[in-house]
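What follows is a single structure, written as structure tokens, with notes after it.
No experiment lies behind these values; they were computed from the predicted model shown. Just so we're on the same page: letters track the sequence lines, and every chain starts at 1.
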Amino acid sequence: MSLNRYDPTAIERKWYTYWLDNNLFAPSMGSGQEPFCIVIPPPNVTGSLHMGHAWDNTIQDILIRWARMEGRNALWIPGTDHAGIATQWMVEKALRNRGTTKEEIGREAFLKETWAFKEEAHGTIVGQLKRLGVSTDWNRERFTLDAGLSRAVRRVFVTLFEQGLIYRDLRMVNWSPGLLSAISDLEVEHRETDGHLWHFRYPLADGSGHITVATTRPETMLGDTAVAVHPDDERYRGVVGKTVKLPLVGREIPIVADDFVDPAFGTGAVKVTPGHDPNDFELGKRHDLPVITVMTEDASLNDEVPQAYRGLDRFEARKRVVADMDAAGLLEKVEPHRHALGYCQRSGQVVEPRVSTQWFVKIKPLADKAVAAVEDGRIRMVPDFQKKVFFEWMNNIQDWCISRQLWWGHRIPVWYCDACSAVIASEEDISACTQCGSDKLRMDEDVLDTWFSSGLWPFSTMGWPDDTEDLRTFYPTAVLVTGYDILFFWVARMAMLGLWFMGKEPFHEVFLHGLLRDQYGEKMSKTKGNGLDPLEMIDKYGADALRFTLAAGTVPGRDMNLPEATIEGNRNFINKIWNATRFVQGHTERLGPPPALGGVQPGRFDRWIVARLYQVAGEVRTYLDQRRLNEAYRSLYGFVWHEFCDWYVEITKPALGGEQGPQAEQAALATLHHVLAESLKLLHPAMPFVTEELWSELPGREGSIMVQPFPRPEHLPALGGAWAQDQQAAVREAQQLIDVIQTVRTVRGESNVKPRQRIDVTVVPEDGTLRGLVESEQPTVVTLAGIGELAFAERFAEREGYGHGVGHGFEVYLSLAGLIDVEAERQRIGKELEKTEARIRQLAGKLENPAFVDKAPAAVVEKSREELSALQSQLAKLNESLTQLPAN
RNA sequence: GGGCGGUUAGCUCAGCUGGCAGAGCGGCGGCUUUACAAGCCGUAGGUCACAGGUUCGAUCCCUGUACCGCCCACCA
């Protein structure tokens with residue numbers, strides 16, 4: 001069968017089904033095979049995947065498919081994350097749209113609702129991943145809330161609890177009034193915000209005057225329990241120990257001295273609200289101040305404040321307090337003030353510091369192990385500079401607040417006994433108190449931070465806490481691929497928990513890619529609506545084009561801009577490969593199946609393209625190994641398009657036309673086939689669908705391209721015959737011949753000679769080697785350069801009517817009588833002269849410098865000398881050519 | 001307030017042991033060349049942000065400056 005026009009949608013579904021049906025994504029589990037495992041960063045079941053996911057998964061698929069072709073026991077485990085906050089937020093939003101709330105329908109119904117939501121999102125996500133072509137082993141798919149993973153979560157919680165590394169405490173936490181839950185430090189987003197600094201007068205209780213405090217949060221004054229000044233501040237020396245009467249409230253509160261206060265900021269006196277400010281909370285502890293929480297969970301004022309303010313939202317209350325203070329003549333002044341405010345990442349609400357009882361992980365002991373593993377290289381970071389970022393955070397890490405006042409997630413496996421007040425952590429559900437036997441047990445209402453379960457992902461997905469074959473085979477995983485934006489959220493947690501529970505790092509390498517941006521460098525996001533939708537791009541250009549684009553844009557750690565035009569360009573590249581295959585296929589059908597390489601007598605160009613193929617194969621492997629995907633695919637793209645298609649395919653045309661005898665014909669056919677087939681293999685990890693399709697079209701190819709050996713430079717010597725001999729010479733000679741052809745073409749182009757018009761050419765080589773070379777490849781040179789009569793001369797004096805070109809070690813003269821544009825020619829030569837002269841000055845200067853000649857490596861000096869003399873002879877030729885141009 | 005990136009062609013970006021600055025897109029000129037107009041041939045375009053330093057030699061290494069982006073951070 002022969003190929004039609006390239007149409008991605010026509011082939012992609014077919015091959016994905018084929019791969020699944022043939023179970024090609026499962027690990028081979030062959031003994032002696034080196035394992036190579038990746039666990040997918042589980043996408044949130046909140047909706048659909050964006051381009052960032054497509055990027056992340058393309059990289060992983062490339063690494064996995066490559067490893068498979070290298071003969072490794074490759075496994076990629078797929079799965080999804082329940083994403084507690086994010087998912088609950090979406091479902092709550094949906095409920096609100098239906099005019100109800102989760103409280104109204106109750107916990108059980110809400111969870112049912114959320115599971116349904118999850119199922120739908122999951123279906124969408126899996127469908128998208130399949131469209132992208134990911135070769136994950138779907139039989140091993142996991143979900144963070146499934147039974148196995150939940151068991152792992154409980155095991156980890158209870159173990160850490162028993163080790164004293166999980167504790168419950170009354171603390172000031174980041175409270176999200178939008179979510180009605182505590183959130184971790186990492187979930188707080190700091191943003192510079194314009195605010196004000198209000199100066200309030202607090203009258204001294206003894207009537208001897210007032211003290212002025214400065215605050216950005218007037219409403220919290222209703223919860224003030226002190227005023228603080230710096231102990232050394234002369235201005236306030238006399239008032240420390242006195243009390244003030246808190247305006248609007250009437251409470252008498254002390255003036256205390258504390259080092260924390262910065263005398264230079266504001267008035268040097270600060271109101272102290274231990275219930276609503278982390279600093280004040282600490283300060284309050286030092287001075288034994290009462291903690292008054294003046295807000296409800298949704299951040300409106302509660303009954304601890306005077307009647308007039310109760311029930312007001314905190315920002316309403318702020319206005320009211322300022323107005324009332326002003327009315328009382330106690331507002332001294334208001335200054336604009338820009339400061340960083342904490343916002344809840346999910347709900348967007350300003351975080352309200354709030355004292356509450358939460359569960360924490362004492363994280364330092366775990367962090368130390370992770371830092372050590374990165375320091376000593378058990379975990380490698382790509383790019384390397386991310387190590388610094390990692391250490392910075394890990395070395396200043398704070399205890400991790402893991403309880404969330406949500407419903408969607410792993411319930412905290414702790415029971416409280418109302419009879420004996422025991423607190424029991426248990427892996428199994430319990431119905432009676434393990435201390436007193438009472439059945440008056442209450443299970444903790446809260447759930448765990450989502451990242452608590454994702455942190456176990458590299459081993460929970462493999463069946464831990466059971467001792468499974470997967471764990472024994474695939475843990476530690478080879479590489480974790482993700483964006484640098486979740487280094488702390490996820491990578492750090494996996495490193496810590498993996499080392500703690502498995503005793504081994506969860507991955508040998510962390511490969512951090514960047515963030516995707518649009519063509520203007522803006523971060524892609526749903527809210528901005530500037531994101532390219534991966535499915536839309538796949539529909540339009542094919543998954544392979546999208547994947548190749550993402551791969552070729554992958555520079556470790558660097559953000560990528562993704563203009564649609566780039567995807568289009570790469571679709572065109574695929575189209576090029578498609579058509580090259582059609583070309584080869586056409587000749588195969590005509591001439592019969594291609595012989596093996598070992599059975600033909602290769603010509604110079606055959607040896608050249610094969611040598612280049614294996615050079616490129618070496619580069620691709622090296623670059624992939626270094627995770628420099630951009631370089632790997634730049635190299636491959638250039639080879640396939642600009643060497644194989646632009647040159648080699650063109651070069652074979654005369655031979656395939658039978659002009660050079662049966663031997664050359666067979667050699668060309670065999671070489672075309674081989675180079676194409678091997679190129680398809682090199683391309684396969686990046687563009688699996690089209691390479692599989694084209695592979696299946698090549699005669700004599702058996703089985704999926706997925707499991708073919710990835711080409712290596714070492715394969716070249718095994719080809720036998722003349723293939724491995726004098727590769728350098730073949731490459732050098734081919735390049736010289738190409739130079740001759742290009743030089744002729746340039747002169748033709750400058751004089752606007754029609755492509756089909758044959759022109760007589762005289763080549764003036766500097767030595768006999770080149771002449772012999774051109775003569776031996778005359779048919780190729782003549783065809784590709786559009787030459788009529790090809791002649792050689794040692795000197796060529798006649799200029800009139802001739803176009804002149806200078807290449808490396810030769811000149812060409814084109815018989816262009818009547819065609820030559822003298823003025824254009826003069827300008828072109830003039831320009832060439834300038835360039836040559838400039839370079840000569842540069843080189844000569846260098847060589848006249850004794851320091852250079854002395855100190856630079858001999859090879860560099862020698863190279864410069866050679867280049868200089870070549871340029872000088874070129875210069876002479878150009879000058880001669882210029883002076884002999886006809887006057888007009 | 002600390003820290004990390006970036007600044008290279010009109011645009012988007014490569015350039016990883018210092019030795020002639022590259023690609024894609026876009027531009028310009030020419031092509032119905034029997035795989036491909038999603039193409040082919042040719043071509044123009046750069047003080048590698050700025051200032052110093054190291055070096056025979058710096059886009060690359062060091063120091064500083066200016067912008068841009070990001071991360072972390074409890075000064076009200």
- Can you give one letter per nucleotide of nucleotides 14-20 of chain B, 5' to 3': B if a protein heavy atom sits under 4.0 Å from the base, S if only from the sugar-phosphate, - if neither? SSB--BB
- Residue set satisfying ring-ring contact (aromatic ring centres under 6.0 Å, His included) with A:Trp175, at least two apart, ordered chain then number -> none
Which pairs would a plain distance check flag for residues 385-393 of chain A, meaning a side-chain donor or acceptor within less than 3.5 Å of a matching protein atom at least two apart in sequence or in another chain?
from     : atom 1 : to       : atom 2 : distance (Å)
A:Lys387 : NZ     : A:Asp384 : OD1    : 3.3

With 3.5 Å as the limit, what N/O pairs link the protein to nucleotides 59-62 of chain B?
none

Run the side-chain donor-acceptor check on residues 840-860 of chain A: report pairs under 3.5 Å with partners two or more places apart or on a different chain.
from     : atom 1 : to       : atom 2 : distance (Å)
A:Gln842 : OE1    : A:Arg839 : NH1    : 3.2
A:Asn849 : OD1    : A:Ala851 : N      : 3.0

- Query: Can you name the ring-ring contact (aromatic ring centres under 6.0 Å, His included) partners of A:His339, sequence neighbours left out?
  - Reply: A:His337
- Query: Near RNA chain B, under 4.0 Å by heavy atom, which residues of residues 648-659 of chain A?
  - Reply: A:Val649, A:Glu650, A:Lys653
- Item | ring-ring contact (aromatic ring centres under 6.0 Å, His included) against A:Tyr637, all qualifying residues, sequence neighbours excluded | A:Phe573, A:Trp641
- Those residues at least two apart in sequence (or on a different chain) that pass side chain to side chain donor-acceptor pair (under 3.5 Å) with A:Lys333 are A:Glu335
- For A:Asp277, what residues pass the side chain to side chain donor-acceptor pair (under 3.5 Å) criterion, not counting sequence neighbours? none
- Task: Using side chain to side chain donor-acceptor pair (under 3.5 Å) as the criterion, list what pairs up with A:Glu352, not counting sequence neighbours.
- Result: A:Arg217, A:His276, A:Arg314
- Task: State the dot-bracket string of RNA chain B. Criteria: Watson-Crick or G-U wobble, both atom distances under 3.5 angstrom; notation: ( ) intrastrand, [ ] crossing earlier pairs, | interstrand, . unpaired.
- Result: (((((((..((((.....[..)))).(((((.......))))).....(((((..]....))))))))))))....
